[in-house]
Amino acid sequence: MNQHTRIVVVGNGMVGHYFMQELVKRHPDLAAANLQVTVLGEEPRPAYDRVHLSSFFSGSTAEDLSLVEPGFYDRPGLELRLNARVSHIDRHQHVVTLTDNTTLPYDKLVLATGSVPFVPSVAGRDRENCFVYRTIEDLEAMTAAGKTSKSGVVVGGGLLGLECAKALRDMGLDTHVVEFAPRLMAVQVDEAGGRVLRSKIEELGVHVHTSRNTTAIVDGATARHRMVFFDETWLETDMIVFSAGIRPRDELARESGLAIGARGGIAIDDFSRSSDHDIYAIGECASWNDEMFGLVAPGYDMARTACAHLAGETASTFQGADMSTKLKLMGVDVASVGDAHGKTHGCRSYQYTDEVRNIYKKIVVSEDGKKLLGAVLIGNADEYGTLQQMTVNNMALPENPEFLILPASDGKEKPGLGVDALPDTAVLCSCNNVNKGEIGEAVAAGNCSIGAIKSCTKAGTACGGCVPLVTQVMKAHMVKLGMTVNNHLCEHFPYSRQELYHLVRVEQIRTFDELLHKHGKGLGCDICKPTAASVLASVWNDFILKKDLASLQDSNDYFLGNIQKDGSYSVVPRMPGGEVTPDGLIAIGQIAKKYKLYTKVTGGARVDMFGARVEQLPNIWEELIAAGFESGHAYGKSLRTVKSCVGSTWCRYGVDDSVGLAVQLENRYKGLRAPHKIKFGVSGCTRECAEAQGKDVGLIATESGWNLYVCGNGGMKPRHAELIASDLSKEDAIRMIDRFLMFYIRTADRLQRTSTWRDNLEGGLDYLKDVVINDSLGLGAELEAQMQHVVDNYQDEWKTAVNDPEVRKRFRSFVNSVAGDNNIVFVKERDQMRPATVEEKKQAKVIPILATTE
Amino acid sequence: MSQLQQAAVSDSTANQAAISTAASGTWHAVCALDDIWPNTGVCALVEGRQVAIFRLQDDLLYAIDNYDPHSDANVISRGIVGDLGGERVVASPIYKHHYQLSTGICVEDTDIRLQTYPVELRDGAVWVQV
């Protein structure tokens, strides 16, 4: 590239943004690479995840959907202009003109203008409450209209149309799908598959009308609109959403004389170049070999190709795309691979239909029966990964290919795809273009969990469809590298935490010695002992400092406080929900003053008192107990705090009593031992001041109850919590939390927060919802009862400790002296004490320690 | 149950252990065996030194410095005891370094070793030589 190349990118959708990410990957410092890039987006916000747009209806916000990392567009040499629409391209002058008449010169122009929803030319299509389904603004308008509607129609029974139907149904509308073709998802699915899909969708309460051509939309008698069909039948509805396919946004290209594909779209070559070699086109607006691609993966591929070509590389070319798709529509698996319709000359098919469970599977094989050409899977798409890879990599079919789709019968192993048979170049994650070889490299570099693979390769982070296959490949590589594919707790137990939990429960094991004797070896260690202590506590909830349990506890649990770097402890009185009386605050102040403790308000809405020596702890607790406090778990793998906003009691915006619920929840779950720490948040309205969506369990008040979010996390790797149930009563919310927490405690690995647990959970959010909300495993009552047992057996650990002379005796610095540790020394800073540094200790510029408090 | 337990030293490390174990010193009675719960430790203050004393299975006793050089804190006695590959260790509660109880050697950083001390059980009392 010559000095100072000006690149203008028109469009900031998924593909336009991906292009920028690729460009920045190549040139982390654009300005230094003499690039000056301007990105023009016509929407009011930068790129967001249109693939998961429907999650907007289940609680995701525009921010959740954003694809842009904070600060991405703030780098030198890069400018993003929003609400900026190009009206004209002057190819001779190399200038684009915007609708506000500003002009922008370019050396290279990249068109990523995407597509528009196709709206059939029906009279009345511009009436009020008629929508399209493409942008966040469209969805906001639909949500608003949904509130005043009883019924809704989606025109178009394709992939997007059915997603849209789900949204309408979730809004509580009587939902209809009107399709011009004789079946649903006509592009991806054959006739028999369409039939099965239809009955599945109808089972879910959505009315399906196929072979219906709408001729006019007029005023309705019982609803806002009446849709009149070609045969003069009609359907009345309050709102209509058009989702009948997309058309490429190629008008700028047409007007400026660029070549256009036979069916529309900006014609491009293998380098994503248009007929003008200074102009590239990528994504849904482009047409390659007269073919357009309405999926994101081919768009990303074009973006990569264009980026490489801009940098002068000609090795990478766009060669079309595999249009196989797998998705879940309203909980129904739908997948289509390769030549799903069997259009290849001489091909033959195998089909399996189960009309009881509404499952349909078909594979299309080549004339000679040696290769797989395509497949359709409805109702259950477990085989998708295998079939897609077989097709794309042109692999040999096994003998009796019908077993690929037949349900496994007793004793007969299903012929899976030996992942070893896959070439290293096999693309496993087509969204992010990750191939098998890259997964292998990641494993060799030490990434041995699906979570780690996701974060270092990005595989499985977009649509997630490839996760089972990626997991299989990861495990196969681990075996190849001689790593044992196990999650054994440590050298003493050949079991995972989950398995140990099960053993403890089933065999009614109550001590570590018994567990070690029956299932382990050696003496145990600092990994398995605290884990066993936590499991024993989750199941039996005995006092953790009982003689046979005490030696298992981490120092924090052993001394019931937080050990600090100098070996002193901090004490954090529990303040459920962050609520505290003036007298309580005074008492804490007095205690802190008396023992000369450093105080700080924590992020968990409590007051932390630092600098207590071991022998001071029981005295401090006694005084706290007298003032009505218990010390709190600011340590341990247990419930920490339930953060709350002030809620409807005081706040003019609050819709429910968030503090009241927070107090109730903290008192219910306090002391619960878990695989890792657990934090809650409760917000009294959608303003979300308690940041509940950053917590393991979050509740947000709505006009009609509580929305329950789970598996959020702050910390090193923040993760937004996901909505698993809406508008719950307080009682139901607590039942669902009981189930969720116990299910997590039963199944998570050691030190696995709910967020990583969720990321590694096969089946993902849908599975979690099924177990917790729909009780698909029939465990609900058992999980609730088990939680109730833990709740009923709660005891104030600090009170028990100070009242038991045997236990209390252990709280001393020295077994043979009443002295304190003279290595714990403080200096003054901002009017309080802090631990002296090693240097300060040497210089003895320290505050003498207190006399012992006996 | 044996009445006299010296810091157990395996053959291979006997030589090294002899170097770091105080060759001579005075014996002190520091506490009753019952003062140390099984599989835990306590700290004794002996001639100004902080000595961590652990009671393992079968009342096997170990004495080792209470000072953890990795954290600059006197915390070893509060660590969890167990074994790594059969070698008895204590894990420091601050940064979780493991120290071999018989030799004081840090498993993760073998250049560092803590002083170990002879320790005995005499008529229900724990004696340590410092």
Side-chain angles (χ1 to χ4, degrees), chain A residues 490-492 512-513 516 520-533 545-559 562-569 613-614 635 806-807 809-824 835-839 841, chain B residues 28-58 60 66-98 101 107 125-126 128:
Chain A
C490 64
E491 65 182 65
H492 304 102
F512 178 75
D513 285 348
L516 190 67
K521 61 169 196 205
L523 303 176
C525 66
D526 58 314
I527 304 290
C528 58
K529 284 184 171 183
T531 305
L545 296 187
K546 258 178 55 176
K547 215 161 196 166
D548 51 358
L549 295 176
S551 67
L552 311 176
Q553 311 293 349
D554 265 324
S555 178
N556 285 347
D557 276 310
Y558 193 40
F559 288 102
N562 283 40
I563 196 165
Q564 302 298 335
K565 61 193 283 188
D566 60 349
S568 69
Y569 286 85
R613 293 191 314 278
V614 168
Y635 58 86
E806 270 290 288
V807 174
K809 222 167 79 180
R810 288 197 307 99
F811 288 87
R812 49 189 176 185
S813 287
F814 303 111
V815 70
N816 59 344
S817 162
V818 292
D821 178 1
N822 62 7
N823 189 41
I824 298 180
T837 62
V838 178
E839 280 308 304
K841 281 179 193 171
Chain B
H28 302 264
V30 290
C31 63
L33 181 66
D34 289 346
D35 285 333
I36 316 177
W37 286 15
N39 295 309
T40 71
V42 296
C43 182
L45 191 60
V46 186
E47 293 189 356
R49 270 184 172 275
Q50 296 196 15
V51 180
I53 303 171
F54 296 95
R55 172 183 176 184
L56 271 75
Q57 261 177 337
D58 301 330
L60 204 59
N66 192 41
Y67 179 76
D68 172 15
H70 287 103
S71 61
D72 271 317
N74 292 313
V75 292
I76 293 295
S77 63
R78 301 178 220 163
I80 291 179
V81 291
D83 78 283
L84 288 182
E87 182 72 40
R88 288 172 170 75
V89 294
V90 58
S92 164
I94 306 275
Y95 300 122
K96 319 288 179 191
H97 290 90
H98 296 89
L101 288 171
V107 175
V126 177
V128 60

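The sequence lines fix the lettering, A, B, ..., with proteins before strands; numbering per chain opens at 1.
- Residue A:Asp554 holds its CG atom at 4.0 Å from NZ of B:Lys96, rounded to the nearest 0.5 Å.
- In this structure, B:Asp83 and A:His492 have side chains that are in contact, with non-hydrogen atoms separated by less than 4.5 Å.
- Checked by atom type and distance alone, the side chain of A:Asn816 never pairs as donor or acceptor with a backbone atom of B:Ala44 at under 3.5 Å.
- Of the atoms belonging to A:Asp566, it is backbone heavy atoms, and not side-chain ones, that fall under 4.5 Å from chain B.
- For the atom pair A:Leu523 CG and B:Arg88 CZ, the distance stands at 5.0 Å (nearest 0.5 Å).
- Counting heavy-atom pairs closer than 4.5 Å to chain A, the top-ranked of the candidates B:Leu45, B:Val51, B:Asp72 is B:Leu45.
- Considering every non-hydrogen atom in both A:Lys529 and B:Ile80, the closest pair reads CD-CG2, 3.6 Å.
- The contact between B:Val81 and chain A is made by backbone and side chain atoms together, counting heavy-atom distances below 4.5 Å.
- Taking the side chain to side chain contact (heavy atoms under 4.5 Å, CB included) definition, one finds that A:Lys547 meets it with A:Glu806, B:Trp37, B:Pro38, sequence neighbours left out.
- Of the inter-residue distances, the one linking B:Leu84 atom CG with A:Glu491 atom CD reads 5.5 Å to the nearest 0.5 angstrom.
- When each of B:Ala29, B:Gly79, B:Ser77, B:Gly85 is scored by its heavy-atom pairs under 4.5 Å with chain A, the top score falls to B:Gly85.
- Each of B:Ala32, B:Cys31, B:Gly82 has some count of heavy-atom pairs under 4.5 Å with chain A, and the biggest count is that of B:Gly82.
- Side-chain atoms of B:Arg78 come within 3.5 Å of backbone atoms of A:Gly567 as a donor-acceptor pair (strictly under, hydrogens ignored).
- For B:His98, the part lying near chain A is the side chain, with the backbone staying farther off; criterion is any non-hydrogen pair under 4.5 Å.
- Without hydrogens or angle criteria, A:Asp526 side chain to B:Val90 main chain gives no donor-acceptor distance under 3.5 Å.
- The shortest distance between side-chain heavy atoms of B:Asn39 and A:Phe512 does not fall below 4.5 Å.
- Counting heavy atoms from C-beta outward, B:Val75 and A:Ser555 have side chains that stay 4.5 Å or more apart.
- A:Arg812 meets the side chain to side chain contact (heavy atoms under 4.5 Å, CB included) test with A:Lys809, A:Val815, B:Asp35; sequence neighbours excluded.
- The candidate with the highest count of non-hydrogen atom pairs below 4.5 Å against chain A, out of B:Pro93, B:Cys43, B:Ala91, B:Gly86, is B:Cys43.
- Each of A:Pro835, A:Gly524, A:Cys525 has some count of heavy-atom pairs under 4.5 Å with chain B, and the biggest count is that of A:Gly524.
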